[in-house]
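Following: one structure in structure tokens, then a few remarks.
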Protein chains: 2
Amino acid sequence: MPSIKDIARKANVSTATVSYVLNETGSVSVKTRAKILEIIKEMNYQPNQIAKSLKIKKTKTIGVVVEDVTSFNSSEIIDGINEYAENHGFSLLLTNMRVLKRLGQEYSDTENVKKLAAPAINEILNKQVDGLIYIGFHTRDVTGIIENDKIPIVYIYCYTSKEEDYSVNYDDHLAAYESTNYLIEAGHRNIAVISGLFNSNPSRERFNGYYQAIMDNQLIFDPSLIKTGDWEFESGYRLTSELLAAENHPTAILAMNDNMAAGAINACKDKGLSVPADISIVGIDDREFSSYINPKLTTMRLPLHEMGVEAMKSLMAIINHDRTVQRNKKLKCTLIERKSAAKVFN
Amino acid sequence: MPSIKDIARKANVSTATVSYVLNETGSVSVKTRAKILEIIKEMNYQPNQIAKSLKIKKTKTIGVVVEDVTSFNSSEIIDGINEYAENHGFSLLLTNMRVLKRLGQEYSDTENVKKLAAPAINEILNKQVDGLIYIGFHTRDVTGIIENDKIPIVYIYCYTSKEEDYSVNYDDHLAAYESTNYLIEAGHRNIAVISGLFNSNPSRERFNGYYQAIMDNQLIFDPSLIKTGDWEFESGYRLTSELLAAENHPTAILAMNDNMAAGAINACKDKGLSVPADISIVGIDDREFSSYINPKLTTMRLPLHEMGVEAMKSLMAIINHDRTVQRNKKLKCTLIERKSAAKVFN
DNA sequence: CTGAAAGCGCTTACAG
DNA sequence: CTGAAAGCGCTTACAG
């Protein structure tokens with residue numbers, strides 16, 4: 001591997017001059033520039049970024065700490081981060097904490113995650129990254145997992161309670177509001193909700209979105225239509241069965257994720273109801289399986305790719321000392337109309 | 001950020017001595033070691049890996065070039081790579097080429113992928129990674145995409161025609177052999193195949209596995225039972241419909257991926273056949289959706305995580321000049337028994 | 001327009 | 001057991 005010295009020697013100039021043409025700084029005569037460029041090409045010289053980084057104290061690399069890459073939302077977020085990074089000459093140093101595999105459901109205990117995060121983040125910082133992106137696998141408060149004061153950082157798919165932190169998530173309230181509205185516009189008046197666990201912020205936000213749509217449309221809010229699930233398929237199945245046991249059962253169900261929506265569809269089928277002819281079901285997430293189940297699920301697509309891009313934008317701004325960036329970005333989900341919801345005829 | 005100089009000064013020793021205790025090289029008296037260690041802790045000193053890398057010419061980081069992170073197989077592979085890397089003190093520099101989004105189906109043209117790969121790989125090499133892992137999103141010959149002679153590299157989910165290259169894949173032949181055997185053991189005698197495109201190596205290997213299972217069990221090979229699909233849902237649906245039109249239709253179908261298996265299930269349902277009571281279906285891949293469709297799909301799980309781990313093992317060996325590593329590793333898939341296949345009664 | 005020199009933060013023969 | 005010094009491959013004030 002030729003170094004800048006080799007180029008300089010061969011071109012009969014100093015390394016400074018080579019450096020100037022490499023970086024297009026300084027002023028170099030057209031003639032020597034041409035000669036240097038030629039030799040660079042001839043020797044197939046590639047600058048050693050490690051050496052450069054040491055000198056300029058910037059690595060042009062971003063540390064990406066992800067709680068679990070195998071989680072369904074991680075890939076698209078990383079894809080978005082990568083796209084932006086590539087367009088701006090940044091590289092990604094990826095660390096996967098494997099939270100799901102290692103902690104199972106104990107991820108909720110911040111202390112456990114912190115134990116995983118500390119060494120990972122330490123290692124990344126020692127590699128002198130210019131900034132950090134932390135990707136949760138599940139929207140929640142993540143305060144205390146990272147103790148950091150020396151590096152710009154933005155959180156995706158999670159947030160902290162610290163005012164000075166930056167995060168990008170999607171708008172849960174709006175997602176539920178829009179999907180509920182969609183059902184209302186289709187003529188539904190009895191719209192049930194199968195929510196996630198109520199100790200989660202997204203559950204509450206989504207419920208509020210649903211509630212507001214009901215109110216805005218002057219419908220009657222019926223608490224018996226609200227069922228609390230646990231995000232899993234089985235709870236969607238079980239709670240739908242409960243819902244259908246009532247004599248005047250709802251004509252539509254908003255499930256707060258696609259897992260539970262899939263459970264709901266199965267419950268309807270098992271009761272001999274046809275989806276969407278007899279009952280409409282909409283989910284939230286747009287998982288891979290959602291277009292494979294029967295009927296294909298109408299659901300809200302999460303702006304995952306965009307979240308990655310926006311996080312990078314925030315991070316770049318912070319790195320460049322632009323403190324006017326919005327601290328808590330909330331992106332919009334989009335409704336994907338498939339086959340599990342229909343207009344009501346009467 | 002304190003440097004090794006700061007530590008040395010405060011401890012009244014040379015930077016050499018600090019370096020010795022940091023790396024546990026050289027011999028340092030217990031006393032000075034203790035003092036240095038104390039000061040390191042006190043100042044919360046963290047060694048700058050960039051500086052170290054420049055000196056020792058090793059970065060302890062591996063470049064991971066993935067054709068498309070959003071492809072269903074990528075995450076688990078990365079998870080495996082990450083696990084091994086973490087256990088051995090390596091970091092991952094990730095580059096996503098976004099082949100699917102950028103090229104659509106034109107990925108098959110090596111030239112197009114090469115155009116994407118060249119700058120990505122160049123950038124990674126300039127960051128002085130110690131090795132490279134290339135993850136295809138689809139098993140195929142990838143010769144010519146990377147022109148490299150200076151760095152150890154192993155291919156996952158793809159391979160090259162060069163003898164000196166290393167790759168890790170799974171055993172297509174065995175996967176089809178075992179799944180066919182499974183159906184035979186369940187009593188099936190008329191087992192159809194819906195294959196992928198026959199210009200792909202996996203299709204051919206899988207067909208051979210099927211064929212060998214038929215032969216080994218002294219069954220009759222019936223060419224009319226072999227249908228060539230294109231890996232997509234629709235072809236599974238269409239070809240299954242064709243299969244079912246025959247008067248003595250098969251009692252089992254081996255679909256060469258889960259997409260087509262899902263199509264097959266739907267086709268059966270639409271013809272009024274019950275899966276698995278009337279007809280058994282098994283897939284290959286174990287996609288996320290495969291446990292959500294109805295009935296849940298019996299399929300071969302790909303050893304993705306393990307492929308990541310094995311690739312890292314190969315890479316470490318090559319880096320350490322151990323040239324005895326197996327050049328083409330083929331890992332075993334495992335049958336996931338769910339609900340889409342059953343014994344035949346007669 | 002160009003070069004000599006210092007320095008980024010480490011490691012490592014070498015001498016003592 | 002310890003330190004002075006050179007060097008990894010760059011960049012950048014500074015002088016001319």
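Chain A is the first sequence line, chain B the second, and so forth, proteins listed ahead of strands; every chain is numbered from 1. These numbers come from the heavy atoms of this one structure, side chains and all, not from hydrogens, waters or symmetry mates.
- Results of the ring-ring contact (aromatic ring centres under 6.0 Å, His included) test with Y157(B) over F72(B), F137(B), Y170(B) single out Y170(B) as the only residue that passes.
- Atom-to-atom, NZ of K35(A) to P of dT2(C) comes out at 9 Å; the value is rounded to the nearest Å.
- Put simply, the side chain of Y20(B) and the base of dG3(D) share a donor and an acceptor less than 3.5 Å apart.
- The separation between R33(A) atom CZ and dC1(C) atom P is 9 Å, rounded to whole Å.
- Between the side chain of S167(A) and the backbone N or O of I156(A), no donor-acceptor pair lies under 3.5 Å.
- Between T110(B) and G144(B) the shortest heavy-atom distance is CG2-C, 4.4 Å.
- Rounded to whole angstrom, the span from the CZ atom of R9(A) across to the P atom of dG3(C) amounts to 14 Å.
- Between the K127(B) side chain and the T59(A) main chain, a donor and an acceptor come within less than 3.5 Å of each other.
- The nearest heavy atom of DNA chain C to S19(B) and to K55(A) marks one nucleotide each, and the one closer to the 5' end goes with K55(A).
- With rounding to whole Å, N23(B) atom CG is found 7 Å from dT12(C) atom P.
- Considering only the side chain of S27(A), dC1(C) comes nearest among dC1(C), dG9(D), dC10(C).
- Which of dC14(D), dC10(D), dC10(C) sits closest to the side chain of S3(A) comes down to dC10(D).
- Rounded to an integer number of Å, the gap from CG of L22(B) to P of dG9(C) is 15 Å.
- Of the candidate nucleotides dT11(C), dC10(C), dA5(C), dA5(C) has the atom nearest to the side chain of T15(A).
- Atom-to-atom, CG of N48(B) to C1' of dT11(C) comes out at 13 Å; the value is rounded to the nearest Å.
- Shown here for S91(A) and L93(B), the closest heavy-atom pair between the two residues is CB-CD1, 4.0 Å.
- Contact annotation: K57(B) side-chain N/O to dG9(D) OP1/OP2 distance is under 4.0 Å.
- Nearest-nucleotide assignment on DNA chain C puts the 5′-proximal partner with S14(A), out of L54(B) and S14(A).
- Nucleic acid contact class of T32(A) (heavy atoms, under 4.0 Å, all strands): sugar-phosphate only.
- Note on D6(B): nothing from the nucleic acid sits closer than 4.0 angstrom, heavy atoms only.
- When the nearest nucleotides of DNA chain D are assigned to P2(A) and N12(B) by heavy-atom distance, the more 5′-ward of the two goes with N12(B).
- Contacts of S29(A) with the nucleic acid, taken as non-hydrogen atoms under 4.0 Å apart, involve only primed sugar atoms and P, OP1 or OP2.
- Protein atom NZ of K31(B) is 14 Å distant from nucleotide atom C1' of dT2(D), rounded to whole Å.
- Taking a cutoff of 4.0 Å between a charged side-chain nitrogen and a carboxylate oxygen, E306(A) and K330(A) do not qualify as a salt bridge.
- To the nearest angstrom, C1' of dT11(C) lies 8 Å from CD1 of I4(B).
- Base pairing of dA4(C): no nucleotide in any strand meets the Watson-Crick or G-U wobble criterion (both distances under 3.5 Å).
- Between K5(A) and T25(A), the residue anchored nearer the 5' end of DNA chain D, judged by the nucleotide with its closest heavy atom, is K5(A).
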